[in-house]
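Note sheet for the following structure.
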Amino acid sequence: MLAALSGFCRSAGRNRLAAATTVSGIVAAGVLSGAGTAVADERPQTQGGATATINGLKTSGEAVIHGDGGDQRVSAGLFEMSVDGGGTLQTYCVDLHNPTQRDARYQETPWSGTSLGTNKDAGRINWILQHSYPQVNDLAALARQAGASGLTEQDAAAGTQVAIWRYSDGAEVDAVDPRAEKLADYLEKSARGVSEPEASLTLDPPAVSGRPGDVLGPVTVHTNASAVTVSPPVDAAGSGVRVVDKSGKVITSAEDGSRLFFDVPEDAAGGPDRTGGEAGTAQLTVQASTTVPVGRAFTSESRSQTQILAGSSESTVSATVTAGWAAEGAIPAVSARKNCAKGGVDITTVNKGDEPFTFQLMGAEHTIPAGATRTVTVPLQEDQAYDFTITGPYGFSHRFTGVLDCKTQGSITTQTAQLRNEPSPATVGGGTVDTTDLAVTGGSAITPLIAGVAIGLVVIGGAVLVVLRRRETEAGE
C-alpha cells in the first residue's frame, strides 16, 4: 500500500506550513478577460509526453536523515508508475520534504517547471541516474566501482536515492546499510554535469491561430520516437479542418522534425455554439510508443512529490496543439508554462489578427498588437494553486490551472501524510484557488496535523508585480 511504502519522501514541515499561512493576502488566482465570454477549456500546464499514475515503492532500503530535531530513519528507493495507454516508469524522488499523494497522476515536465530548473546540481543528478541502478543492472560491476561488495538491488536503490537527495535537497542523509552508503558516497563524488534530456514528445508551438481559408502553423514535432500517429481534430468532419504537411497533403503520421499545418476552409464551422464561417477552434493530438528518456522530471498537480525518471519500458506518450481562427479582428493563440526561475507562470499570447488583443491580468491591462507575441509572467507563491482564464472575441476562452511547486524546503518528519481526497478549490470572480497545504505528520509523540486553509482572493491590481517581456514578431509564418 502506497501509504505504508512512501515514507521516504517527507511531508511538508513547519516552515512550509508557516509560509502557507502568511500568504493569505496574495492573489493566487485571477481572470484575464478580453471581448466576449465563454465557458473556458481547461488547460493544465503540460507540454506533452508521458502521463502516469504512481503505484508506490518498488525496491528500497533505509536511510537516516540528520536534522536539527535529531536523526530520523526513512525508506529510500525506487518508485514505480503505470503509464496511461500502457507502459511502466521507474523514478526516484527529488523533493524530499513533500509527501506522496495516493494514486497521484503525474505528467512529464521540463526541468524549468520544477525545482531542478534552479538547481545548479541538476546535471549531477542526471549523471547519477545514468551511472547507477536500474540503468546499470550489473550489480557486481556497480559494486566493484563503488567498493561495495555484495550489493543487492535494495542497497543499490537506497544508495542511489541517498546520493540524489544530497544534490536535489541538500540533505544531510546517509544510507543505513554500509554497502548502500558506499554506493551513495561513490555516486556523489563521481557525479558530473549532464544536460537535461529532450522530451519524449512535444509540439511547438502548443497553439496557433489565423484566418479561415488559410493554412495555420507550422507546428513542429519533437520526439525520440521513430514515428508518431497524427489524429485529426475531433470535429474535423463538421469543421472541414484538415491536418496537412507543407505540400498540402493530409498526413496521419509524422516523425521528429515534421512540420504540421491546419488547413482551415473559408467556411469552417466554429463548433456547436456558433454558425460556420466566422470563428472556431480545433485540437490536434499526436501519439507514439517509445521509451521516455532517463532524467525527465515528473510532476503532479495534486502536490505529490516531484520525481525524476530512472527507467522506462516502451510507453505511450502524447501531445496536443490547438488552432483558432476568425474572419476579422484579433485572433489570439494562448499557451502557458511554469517558470520556476521567475517564480510564476508564463502566459504567452500570439495575435495573428489585424486588430490589437487586450486583456486584464490581475488588474493590469495588456495589449498585444496585431502580428505580435508577448509573454506575461504571473508571479505566484510556492505551493499555491492557480486558475487563470483568458477570454476574447467570438467566444474565445482558455483556462489554465495548476500548482506552482518549485522548491524543496521544510522540516523532516517521521512519516508521510497521505491526503485521501483532491483539494477543494474556492471560487471567486470566475477563477479558483486552493491552498490546502500538505499534511504534516510528526513522530509517535506528535499527533497528525492536516492544514487545510481556503485562502480568500484579493484583487490587488498594481500591487502584484507582473513581469512583461515583449517579443514582437511579424504576422504569419
Side-chain angles (χ1 to χ4, degrees), residues 2 5-6 8-9 44-60 76-119 122-123 125-126 128-130 134-135 157 160-161 164-165 167-169 194 196-202 222-224 288 290-319 337-340 383 401-408 416 438:
L2 182 59
L5 293 175
S6 60
F8 74 104
C9 275
Q45 272 60 78
T46 61
Q47 283 79 50
T51 301
T53 300
I54 196 163
N55 298 327
L57 280 172
K58 176 184 180 183
T59 309
S60 64
L78 195 63
F79 270 127
E80 185 176 272
M81 295 188 189
S82 297
V83 179
D84 293 0
T88 301
L89 307 178
Q90 294 173 299
T91 61
Y92 287 106
C93 166
V94 289
D95 195 2
L96 175 60
H97 305 299
N98 262 343
T100 304
Q101 307 295 344
R102 187 188 306 275
D103 297 326
R105 288 176 57 78
Y106 280 78
Q107 174 69 42
E108 185 179 340
T109 305
W111 285 4
S112 60
T114 74
S115 60
L116 297 171
T118 55
N119 185 343
I125 296 172
N126 197 8
I128 292 171
L129 295 167
Q130 306 287 345
Q135 286 301 300
T160 303
Q161 178 65 89
I164 288 172
W165 277 339
Y167 283 122
S168 66
D169 293 75
V194 176
E196 178 181 6
E198 296 294 329
S200 61
L201 176 61
T202 59
H222 299 286
T223 184
N224 68 336
T290 186
T291 55
V292 182
V294 170
R296 291 296 292 171
F298 279 79
T299 60
S300 173
E301 298 303 338
S302 64
R303 298 176 177 173
S304 193
Q305 61 194 19
T306 303
Q307 304 277 313
I308 193 164
L309 189 71
S312 169
S313 70
E314 192 80 4
S315 299
T316 300
V317 296
S318 62
R337 181 185 295 254
K338 295 177 185 176
N339 185 339
C340 284
D383 286 337
T401 63
V403 176
L404 191 72
D405 185 5
C406 292
K407 298 178 182 179
T408 58
T416 295
L438 300 171

I'd like to know whether N224 forms a side-chain hydrogen bond (donor to acceptor under 3.5 Å, both in side chains) with T290, so could you lay out the CA-CA distance, the side-chain angles of the two residues, the decisive distance to 0.1 Å, and finally the verdict. CA-CA 7 Å; N224 68 336; T290 186; 3.2 Å; yes
| side-chain hydrogen bond (donor to acceptor under 3.5 Å, both in side chains) assessment of T408 paired with S115 | CA-CA 7 Å; T408 58; S115 60; 5.2 Å; no
Note to self: Would S302 and R105 count as a side chain to side chain contact (heavy atoms under 4.5 Å, CB included) here? Give the steps.
What the structure shows: CA-CA 8 Å; S302 64; R105 288 176 57 78; over 6 Å; no
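The two residues A199 and E108 come nearest to each other via the heavy atoms CA-OE2, 3.4 Å. Contact record, Y92 with G77: CD2-O, 3.3 Å, taken as the closest heavy-atom pair. Considering every non-hydrogen atom in both V83 and T88, the closest pair reads CG2-N, 4.0 Å. Scanning both residues, L78 and A310, for their nearest heavy atoms gives CD1-CB, 3.9 Å. Pairing each heavy atom of W111 with each of G295, the nearest pair is NE1-O, 2.9 Å. Here the shortest heavy-atom pairing between S304 and T100 reads OG-CA, 3.4 Å.
Taking CG of D95 as the start and CG of D169 as the end, the distance is 6.5 Å to the nearest 0.5 Å. Rounding to the nearest 0.5 Å gives a distance of 12.5 Å between OG1 of T299 and CD of Q305. Interatomic distance, OG of S60 versus CD of Q161, reported as 10.0 Å (0.5 Å rounding). Note that the CD1 atom of I54 and the OG1 atom of T91 stand 5.5 Å from one another [nearest 0.5 Å]. Atom SG of C406 sits about 10.5 Å away from atom CG of L116, to the nearest 0.5 Å. N119 CG to T114 OG1: the interatomic distance, rounded to the nearest 0.5 Å, is 8.5 Å.
Side-chain contact check for I128 versus T160: some heavy-atom pair is nearer than 4.5 Å. A heavy-atom distance below 4.5 Å is not found between the side chains of R296 and S312. Between I125 and V194, the closest side-chain pair of non-hydrogen atoms is not below 4.5 Å.
Residues passing the side-chain hydrogen bond (donor to acceptor under 3.5 Å, both in side chains) test with Q90, sequence neighbours excluded: none.
For the side-chain hydrogen bond (donor to acceptor under 3.5 Å, both in side chains) with N98, the lone residue among D383, T306, D405 that qualifies is D405.
Heavy atoms from other residues, nucleotides or ligands lying under 6.0 Å from CD of E198 number 12 at most.
With Q130 contributing its side chain and Q135 its backbone, the two residues share no donor-acceptor pair below 3.5 Å. Side chain of K407 to backbone of C340: no donor-acceptor contact under 3.5 angstrom is found.
A donor-acceptor contact closer than 3.5 angstrom links the side chains of N55 and S82.
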